[in-house]
Structures are given as C-alpha cells and as structure tokens.
Amino acid sequence: MPQTPTISIVTTVYDARDYLPRTVQSILAQTFTDFELLLVEDGSPNGCGALCDELARTDPRIRVFHKPNGGPASAANVGLDNARGAYIGFVDSDDLIEPDMYERLYNAIQATGARIAACTGDAIDEADAPLPGRMVSIRTHGVRDAEELLLETFQTGSFYGPLSWNKLFDIRTFRDKGVRYDESMFFGDDASVLHLVFEGERAVCLPDVLYHYRTRRGQMTDAATFPPRKLDDLRMYWEWLQYFAARPGSALYYRWAVAWYWKALYLFWCLAGAAGNQAELRDGFEVHRKHLAGILPDLVRDRYVPYGERLRACLFCRSPELAYRLARAWGRLAGPRRPA
C-alpha cells in the first residue's frame, strides 16, 4: 500500500472482541480504497490485542498499535499521531459503516472546499438490528460554518455536530491547531475538543445515514444507570460555555450554552437521584453548583431559559436537594390524570 494513503481511519479497541471483526469488515469493504486502518488496542484484557494482530494479517492496509490502557482519548491520540493520510476519520470498534461512507464524505469535501464532512447516523443493537428513534441527525444540511453544529446541539440536543465518528476531517484541522483529545475524559472525549477543530472552518453536512452506532447493555453510555464519569460531560459543557464567553462576537452562542449547561446539570442531578448515587457524586456536583452560581445573573436574564427554569436554577444554587425534592413532589401531584 502507498506510504501516504489519502485517508487514515482510526479505530480504538477495548473490550470489543465480539464485534471488532464485523467493524473491520465494514471498513475494509469501503468503495474508497485508498486508506489505512489504524487499530489502536488500548490494553484490553480479553484478547483484543491478538485479534487485532490476526486481522492485520488479512489486509496490508491495517496497522496495529498496542498500548497500556489509558482510555479512549489516549488511544485516539495514538491514532492521530501516527496517521499518514491527508484526511482522518474515526470508527468505534463495535460500530458499522456503509460501504460508500468515506467515498461520499471525501467527495463532499472535494466538491465544496470545506475541510470537514459529516453524515447522519442511526443506532443498532447487539444483533445489528436497527433501534428506531435513535438517529443522530441535524436540521439543515449543506455547507455551514462548523461552529453552527455546536449551536444546534445547544438548541435541539442533537449530537450530529460534536461527534468524531460521523465525520471526515482534513487532518490539518487537528495538527495545524495543535488539537489533541483530552485524555482526562472518558465521556465526551471526542466532543470535548471539537470546538477547537471547528474554529474558522466550514463543514458540509449530509443527510445520508452512513454510520450505525451500536448500543450495548452495560456499556459506558447505557442510560439505565448514571456512571460517575458521566460528569465529564458537564465539564465539557462548562468548557464550551467558557470558550464562547471569552470569544468576541459569540453572545448568541454563549446564551444558548448557558441554557444548555443548566438543562444538563439539572437533568444529571435528577438522573443521579433516580440511580441512587447523588450522595456519592456530591463533590462533583458541588463544583458545578458553584459554576452555576457564578453565571446565575446571566441565566436569569437568558431568554432561552424558560421562566420556571430560571426560578428552579435560583433554588438549585441555594439547595440542590430542596430543588430536587420539590420537583419530585410536583411530579407526583401533576402525575397522569384519569380520563374524564
């Protein structure tokens, strides 16, 4: 294979032995063939390292890197550091992609001059069956300022923008800006730096469903529990808010970031309450309660925060426990009514 392939595809590998062969097969089946696949094995204890070596023997485009376990961001940085392509994409080790995904994204970049291309994604279960209602989509397609993808996250909750796996990047959007993934984060590790990648860039957004992300029982993103590391997401949202607060001309983004931060903070507090680990996470939440108190004057003037939520935020700053108890009591009083 050429020493300088056009595209480098990075797949970080940990505890994915049952799914990795299908993931790799979907990558090797790409209609765009001028790529290398970097399998970064992150110290997985269940034989993934040997499986990566075995897969590499089947196709010369596969390169394997073994490292001690350091988390997904650490593994992604190994891929970023060793990528030889002019463009880079990321595929999770248990996901599947359409055969023409990278051809479509590459052609979109070439046709528009944008340095980032993105596609729609949907969810599959452990048996590859579609999970309805779990799309990663966006309202407006075509060429857009890349930072608008973050604004849409604040406005709608869509993560079409702040994900790495549904995109193809000109690798210079990372390297020229000195951007690396934050190795202290296990949740939101890819999204946490994309505001820096997006700065000054245009992105071409496709409506096509080209990526299929897998939801597995018991994995880090399982919504049935509230893992302590989920607070990484709140740290990421706070850092986005601070970024737009300091950036000239970003008042609209800042106001929406404030609204999103409060929404996420209160939701996470309630989820931790339902999971029974609010007490365990008290110190982490206290950091964010203090952050909230610092921006409370902006929040109470923020027209993107409903009036009732502004009152709730004021109460939360004084006593999160009381705000939570009152919300639960109100929920019981305003519960489902019987039909007349």
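What's counted below: heavy atoms across the whole structure, side chains too, no hydrogens, waters or symmetry copies. On a predicted model such as this, the values are computed, not experimentally measured, just so you know.
Partners of Gln278 according to the side chain to side chain contact (heavy atoms under 4.5 Å, CB included) rule, which considers only residues two or more places apart in sequence or in another chain, are Trp269, Ala272, Tyr324. Tyr243 pairs by the ring pair (Phe, Tyr, Trp, His ring centres under 6.0 Å) definition with His195, not counting sequence neighbours. Applying the salt bridge (Lys or Arg N to Asp or Glu O under 4.0 Å) rule to Arg172 yields the partners Asp170; only residues at least two apart in sequence or on another chain are considered. Take Tyr160 and apply the ring pair (Phe, Tyr, Trp, His ring centres under 6.0 Å) test, not counting sequence neighbours, and it matches no residue. Partners of Arg144 under the salt bridge (Lys or Arg N to Asp or Glu O under 4.0 Å) rule, at least two apart in sequence or in another chain, are Glu148, Glu152. In this structure Tyr102 satisfies the ring pair (Phe, Tyr, Trp, His ring centres under 6.0 Å) test with no other residue, sequence neighbours excluded.
Sorted by first then second residue, the salt bridge (Lys or Arg N to Asp or Glu O under 4.0 Å) pairs that include residues 238-249, not counting sequence neighbours, are Glu147-Arg247, Arg235-Glu239. Screening residues 259-285 for salt bridge (Lys or Arg N to Asp or Glu O under 4.0 Å), with sequence neighbours left out, gives Arg282-Glu321. Legend: ring-ring contact (aromatic ring centres under 6.0 Å, His included) pairs involving residues 67-94, not counting sequence neighbours, sorted by first then second residue: Tyr87-Tyr106, Phe90-Tyr181. Counting only residues at least two apart or in different chains, ring-ring contact (aromatic ring centres under 6.0 Å, His included) contacts with residues 124-143 are absent. A ring-ring contact (aromatic ring centres under 6.0 Å, His included) check over residues 37-71, counting only residues at least two apart or in different chains, returns nothing.
Using cut-offs of 30° and 60° for the angle between ring planes, the Tyr237 and Trp240 rings count as tilted. Ring orientation note: the planes of Phe174 and Phe169 are nearly perpendicular, at an angle over 60° on the 30°/60° scale.
Residues Trp262 and Tyr266 bring their aromatic ring centres within 6.0 Å. Between Tyr253 and Trp256, the gap from one ring centroid to the other reaches at least 6.0 Å.
Side chain of Asn107 to main chain of Glu103: a donor-acceptor pair is present (N/O by atom type, distance under 3.5 Å, no hydrogens or angles). Side chain of Arg202 to backbone of Asp145: no donor-acceptor contact under 3.5 angstrom is found.
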Distance-only check: which donor-acceptor pairs under 3.5 Å involve side-chain atoms of residues 206-213, not counting sequence neighbours?
{"residue": "Asp208", "atom": "OD1", "partner": "Arg104", "partner atom": "NH2", "Å": "3.2"}
{"residue": "Asp208", "atom": "OD2", "partner": "Arg104", "partner atom": "NH2", "Å": "2.6"}
{"residue": "Tyr211", "atom": "OH", "partner": "Asp92", "partner atom": "N", "Å": "3.0"}
{"residue": "Tyr211", "atom": "OH", "partner": "Asp95", "partner atom": "OD2", "Å": "2.7"}
{"residue": "His212", "atom": "ND1", "partner": "Asp122", "partner atom": "OD1", "Å": "2.5"}
{"residue": "His212", "atom": "NE2", "partner": "Glu98", "partner atom": "OE2", "Å": "2.6"}
{"residue": "Tyr213", "atom": "OH", "partner": "Arg134", "partner atom": "O", "Å": "2.8"}

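No side-chain heavy atom of Asp81 sits under 4.5 Å from any side-chain heavy atom of Val78.
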Please test Glu201 against Thr173 for side chain to side chain donor-acceptor pair (under 3.5 Å), starting from the C-alpha separation and ending with a verdict.
-> CA-CA 8 Å; Glu201 302 292 345; Thr173 61; 5.8 Å; no

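Checked options Trp238, Phe154, Tyr304; the residue passing with Tyr261 is Trp238 (criterion: ring-ring contact (aromatic ring centres under 6.0 Å, His included)).
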